[in-house]
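Along the sequence shown, residues are numbered consecutively beginning with 1. Atoms within a ligand are numbered from 1 in the order they appear, just like the ligands themselves.
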Amino acid sequence: MAPSSYQAPMRGDKTKPDTQSQTSTSNLSAGQTTVAKLLEGKGNAIYSVRPSDTIHEAVNQLKEQRIGALAVTDDDGTLLGILSERDIVRRMADTPGETLKQQVDALMTREVVTCTPEDYVIDILKRMTEGRFRHIPVMKDNRLCGMITIGDVVNHRLRELEYEALQMKQMIVG
Ligand code: AMP
């Protein structure tokens, strides 16, 4: 027999639902990470060259730092362009054996698409995909403050998806 204090559950007793529906907030939260948040994890290191540096100097830096692009800045750190390994490969095809001695200035892209720390990572991914480039300098108050690569964005998104999958599993298992 049940103790006298026992109250059989009644319909309507439940205050918490067993399932949780997806809301526009929960669906959107994954895409709301900012560039600033991404930089917190990766740091603000910026590798740069000057326009007058040679491609030989640039490739040495690309090799040493194990990166795919360099910001091109003047002595004050003002962003003047971007030089990626792709620019160098193209020039090597055009001027075989003559590329390393050329200046960064002659190969760099001058019209640089940038972002700010407040931008959403999901928008940056779109900008990179549409522009067909894999690097994007981060600017704060007109100063260069970091560099985001498509690898950073994809890694971050994968971690978010793993976390979301884990949350869903926990919701199902209880
Ligand atoms: P990437 O895919 O980043 O190695 O670069 C492919 C091409 O786009 C190269 O010619 C780069 O100089 C250029 N590029 C890279 N990043 C940017 C950017 N943020 N804005 C404009 N051009 C870029």
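In this structure a side-chain-to-backbone donor-acceptor pair under 3.5 Å is present from Arg91 to Ala106. Not a single donor-acceptor pair under 3.5 Å links the side chain of Asp76 to the backbone N or O of Thr78. Looking only at distances, a side-chain donor or acceptor of Thr54 sits under 3.5 Å from a matching main-chain atom of Glu57. Here the side chain of Lys42 pairs a donor or acceptor atom with the backbone of Met147 at under 3.5 angstrom.
Under the 4.5 Å side-chain criterion, counting only non-hydrogen atoms from C-beta, Leu38 is in contact with Val153.
With hydrogens left out, the protein atom closest to atom 15 (C) of ligand 1 is Phe133 CB, 3.5 Å, a heavy atom. Considering only non-hydrogen protein atoms, atom 5 (O) of ligand 1 sits nearest to Ser84 OG, 3.4 Å. In terms of protein heavy-atom proximity, atom 9 (C) of ligand 1 is nearest to Asp87 OD1, 3.2 Å. Nearest protein heavy-atom neighbour of atom 21 (C) of ligand 1: Glu111 O, 3.3 Å.
Between Thr109 and ligand 1, at least one pair of N/O atoms sits closer than 3.5 Å. Annotation: Gly68 places no N or O atom under 3.5 Å from an N or O atom of ligand 1; distance criterion only.
Look at Lys101 and Glu98 and you find a salt bridge, because one of the NZ, NE, NH1 or NH2 atoms lies within 4.0 Å of a carboxylate O, short of that distance. Salt bridge present: Arg110 and Asp105 bring a charged side-chain N and a carboxylate O closer than 4.0 Å. The pair Arg50-Asp53 does not count as a salt bridge, with every side-chain nitrogen at least 4.0 angstrom from each carboxylate oxygen.
Atoms of ligand 1 lying under 4.0 Å from at least one heavy atom of Ile82, given by number and element, are 12 (O), 14 (N), 15 (C), 16 (N), 17 (C), 23 (C). Of all the atoms in ligand 1, the ones that sit under 4.0 Å from a non-hydrogen atom of Pro137 are 19 (N). In summary, the atoms of ligand 1 found under 4.0 Å from a heavy atom of Val113, numbered by their order in the structure, are 18 (C), 19 (N), 20 (N), 21 (C). Proximity to Arg134 (heavy-atom distance under 4.0 Å) selects the following atoms of ligand 1: 1 (P), 2 (O), 3 (O), 4 (O). Counting atoms of ligand 1 from 1 in the listed order, those under 4.0 Å from a heavy atom of Arg90 are 10 (O).
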Hey, mind stepping through Met108 and Asp87 against side chain to side chain contact (heavy atoms under 4.5 Å, CB included) and telling me if it holds? CA-CA 7 Å; Met108 68 184 196; Asp87 299 312; 6.0 Å; no
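With a 4.0 Å heavy-atom cut-off, ligand 1 is reached by no atom of Glu85.
Of the candidates His135, Met147, Arg132, His135 brings a heavy atom nearest to atom 3 (O) of ligand 1.
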